[in-house]
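The structure under discussion appears below in the form of structure tokens.
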Amino acid sequence: MSGGAGVPAVAPGAVRVGIHDLAVATGHHVLDLDDLAARNGVDPAKYHVGLGQDAFSVPAADEDIVTMGAAAALPLIERHGTDGIRTVLFATESGVDQSKSAAVVAHGLLGLPSTARAVELKQACYGGTAALVAALGIVARDPRERVLVIASDVARYDLDSAAEPTQGAGAVAFLVAADPDLIEIEPASGLFSADVDDFWRPNDRSTALVDGRLSVSAYVDALLGSWDDLADRGGIAPADIDRWLHHQPFTKMALKAHRAWSKHVGAEFDETELATGFTYNRRTGNSYTASVFLALAALLDLDDDLDGRRLALFSYGSGSVGELLTGIVKPGYRALRRAGQVAGLLDARVPISVDDYRELHAATSTSSEARQNPAVTTGPFRFTGVEAGARRYARTEPTPN
Ligand code: HMG
């Protein structure tokens, strides 16, 4: 249903579009990287300082990208209703079906109107930003519409691999709307695509293959390439960007790339400036498509001085695509934040031992064999099991009126 109460009527062409509200969800368990370091015989400083990570989220056996994505979106539906939502875009690279989109399952779990399109998008970690850009276009075309974007992923690498400490899980959902309350996205962006085999997951694997060193340089190339493209399109002076947010496969990656950018443009930067945006990602690990938006959530929650400030959001998806977007934070954003909510969510995760994590890791959640999953999660949705090859989900608490 479009055109309901509270949906702005703005003439196409004059419309300002952006992120109206956003919310976060993650997995039920948390693995402390000190425990993994002890198991792997590694100095914990390698993880905390060398990679810039402290822990990672581990989904329970009855959680997956759908349950996390729907859990992130639920508070948005509770706060804003469904008026105007005619599109649900679900970005993920840990998809659970090759045909049916996670968007249509989340759409059902959230009780969204049948008068909405539901689609899944994929290009590694870039998918969430691809969904944002598509949503901006949909709303610019008809400002009465709102788009629900869900970015949700479980990052899985082989046990005992160099990439193992950079796993993680998380979801961010956001509403894209005209005259947004949080961030107005500016029209120009910088783009960079190159066909690189730095990280990929063939159809017969549940863990990614990665050339770690190549992935680091490919990420840096994409940031510099995106910056140069934005510069060629009119650009923004480095000094006119107030805060930077990057995709964070591990937070040190963002730092490394930003150092390279600062050398590239000849700008000084204080490395502590990036720390606020690292706050949640240090604790969740890589959440792939959701990662840059988790950084945004941290900044909005924890930085009190963002009124009218310009943010730069750099998204990188292996393979590879980079995009650099900018946006202006709306004055009054502080009144909209839910202080301590995400920290509470992260604190509430249940610690998991290395042995139990390894056991969960070995169980392939994408199998289509019939099963019933144990009831573990305390989140609002469960992946209850598989019947006749189809994944089944359920709400764990009654839908609010
Ligand atoms: P590694 O074997 O841990 O590398 O693999 P390392 O031995 O070079 O150590 C890492 C850092 O720890 C180094 O710092 C060491 O000096 C430091 P750096 O030189 O890089 O600044 N270190 C220590 N520091 C303090 N105390 C110590 C200590 N020991 C060592 N005692 C690698 C690292 C990133 C390759 C691995 O974790 C990996 O393969 N990760 C997965 C790939 C990845 O995340 N790539 C990032 C770019 S690609 C991307 O972002 C896309 C992605 O999200 C997927 C998608 O798009 O879908 C991954």
Side-chain angles (χ1 to χ4, degrees), residues 33-34 36-38 40-54 56-57 65 91-95 120-131 151-170 172 192-202 205-226 245-261 271 274 278 281-282 284-295 313-324:
L33 285 185
D34 285 343
L36 190 66
N40 290 348
V42 166
D43 178 353
K46 174 167 181 181
Y47 297 163
H48 295 295
V49 181
L51 296 176
Q53 291 302 122
D54 300 323
F56 61 75
S57 293
I65 53 151
T92 189
E93 59 171 297
S94 28
E120 188 171 305
L121 288 87
K122 178 180 70 182
Q123 173 32 55
C125 302
Y126 170 69
T129 296
S152 179
D153 266 304
V154 181
R156 280 165 54 86
Y157 297 96
D158 284 342
L159 295 174
D160 305 319
S161 66
E164 184 183 20
T166 69
Q167 295 177 113
V172 178
F192 181 88
S193 290
D195 185 354
V196 189
D197 288 332
D198 63 328
F199 166 109
W200 66 106
R201 183 169 65 82
R205 291 183 60 96
S206 69
T207 53
L209 294 172
V210 61
D211 179 338
R213 310 247 165 254
L214 178 62
S215 75
V216 169
S217 63
Y219 181 121
V220 173
D221 290 348
L223 173 59
L224 304 189
S226 300
L245 297 162
H246 308 75
H247 168 55
Q248 295 166 25
F250 50 95
T251 65
K252 180 78 166 287
M253 181 67 243
L255 205 53
K256 277 173 184 276
H258 205 71
R259 282 178 190 151
W261 169 82
E271 299 203 347
L274 300 183
F278 292 170
N281 282 287
R282 285 190 75 99
T284 59
N286 197 352
S287 57
Y288 290 160
T289 52
S291 169
V292 71
F293 301 105
L294 200 55
L313 282 96
F314 175 64
S315 176
Y316 175 73
S318 281
S320 67
V321 177
E323 182 156 6
L324 182 60

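When reading the values below, keep in mind they use all heavy atoms of this one structure, side chains included, and skip hydrogens, waters and symmetry mates. As the structure lists them, so they are numbered: ligands from 1, and atoms in each ligand from 1.
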Q) So is Arg213 close enough to ligand 1, meaning a heavy atom under 4.0 angstrom away? A) yes
Q. What protein heavy atom is closest to atom 35 (C) of ligand 1, reported as residue, atom name and distance in Å?
A. Gly212 CA, 3.6 Å
(Q) Please find the pair of heavy atoms, one from Asn281 and one from Ser287, that lie closest to each other, and give the distance. (A) OD1-OG, 4.3 Å
Q.
If you scan the protein for heavy atoms around atom 31 (N) of ligand 1, do you find one that is closer than 4.0 Å?
A. yes
Q) Is the ring centre of Tyr126 less than 6.0 Å from the ring centre of Phe192? A) no
Q: Give the residue and atom name of whichever protein heavy atom lies nearest to atom 9 (O) of ligand 1, and the separation in Å to one decimal.
A: Lys46 CE, 3.4 Å
Q: Would you mind listing which atoms of ligand 1 come within a distance below 4.0 Å of any non-hydrogen atom of Ala124?
A: 55 (C), 56 (O), 57 (O)
(Q) With no hydrogens and no angle check, just 3.5 Å: does a side-chain donor-acceptor pair link Ser206 and Arg156? (A) yes
Q | Protein residue, atom and distance nearest to atom 36 (C) of ligand 1, heavy-atom basis | A | Ala162 O, 3.7 Å
Q) If you measure from atom 12 (O) of ligand 1 to every heavy atom of Ala208, Gly50, Ala218, which option wins on shortest distance? A) Gly50
Q: Could you verify whether a donor N or O on one side chain and an acceptor N or O on the other, from Tyr316 and Asp198, lie under 3.5 Å apart?
A: yes
Q: Mind listing the closest non-hydrogen atom pair of Ser291 and Gln248 along with its distance?
A: OG-N, 2.8 Å
Q: Identify, by atom number and element, the atoms of ligand 1 in contact range of Tyr219, meaning under 4.0 Å from any of its heavy atoms.
A: 50 (O)
**Q.** Atoms in ligand 1 flagged as close to His247, the criterion being non-hydrogen separation under 4.0 Å
**A.** 49 (C), 50 (O), 51 (C), 52 (C), 53 (O)
Q: Considering non-hydrogen atoms only, spot the tightest contact between Phe56 and Gly168 and give its length.
A: CB-CA, 3.8 Å
Q. Taking the six-membered ring for Trp, are Tyr219 and Phe314 parallel (under 30°), tilted (30 to 60°) or perpendicular (over 60°)?
A. perpendicular
**Q.** Atom indices of ligand 1, in the order listed, that fall short of 4.0 Å to a heavy atom of Val210
**A.** 42 (C)
Q | Donor-acceptor under 3.5 Å (Thr289 side chain, Gly127 main chain) | A | no
Q: Give the residue and atom name of whichever protein heavy atom lies nearest to atom 19 (O) of ligand 1, and the separation in Å to one decimal.
A: Lys256 NZ, 4.1 Å
(Q) If I compare all heavy atoms of Phe250 with all of Gln53, which pair ends up nearest, and what's the gap? (A) CA-OE1, 3.3 Å
Q: Answer side chain, backbone, both or neither: which part of Phe250 comes under 4.0 Å from ligand 1, heavy atoms only.
A: side chain
Q: Number the atoms of ligand 1 from 1 as they appear, then name those within less than 4.0 Å of a heavy atom of Gly317, with their elements.
A: 56 (O)
Q) At what distance is the nearest protein heavy atom to atom 45 (N) of ligand 1, and which residue and atom is it? A) Ser215 OG, 2.8 Å
**Q.** ligand 1 N/O within reach of Tyr157 N/O, cut-off under 3.5 Å
**A.** no
Q. In the protein, which heavy atom is nearest to atom 54 (C) of ligand 1, and how far is it?
A. Cys125 SG, 3.3 Å
Q) What atoms in ligand 1 come closer than 4.0 Å to a heavy atom of Asp43? A) 31 (N)
**Q.** Minimum non-hydrogen distance to atom 33 (C) of ligand 1, winning option of Val42, Thr166, Leu51
**A.** Leu51
(Q) Could you report the tightest heavy-atom contact between Leu294 and Val172, atom names first, then the distance? (A) N-CG2, 3.7 Å
Q. For ligand 1, which atoms sit closer than 4.0 Å to a heavy atom of Tyr316?
A. 48 (S), 49 (C), 50 (O), 51 (C), 56 (O)
Q: Considering only non-hydrogen protein atoms, determine which one is nearest to atom 14 (O) of ligand 1 and report residue, atom name and distance to 0.1 Å.
A: Lys252 NZ, 3.6 Å
Q: Please report the closest heavy-atom contact between Gly322 and Ala222, naming both atoms and the distance.
A: CA-CB, 4.2 Å
Q) Hey, mind stepping through Thr92 and Asp153 against side-chain hydrogen bond (donor to acceptor under 3.5 Å, both in side chains) and telling me if it holds? A) CA-CA 6 Å; Thr92 189; Asp153 266 304; 2.9 Å; yes
Q. How far is atom 25 (C) of ligand 1 from its nearest protein heavy atom, and which residue and atom name does that atom have?
A. Ala45 O, 3.5 Å
Q. Can you tell me how far OG of Ser94 sits from NZ of Lys122, rounded to the nearest 0.5 angstrom?
A. 11.0 Å
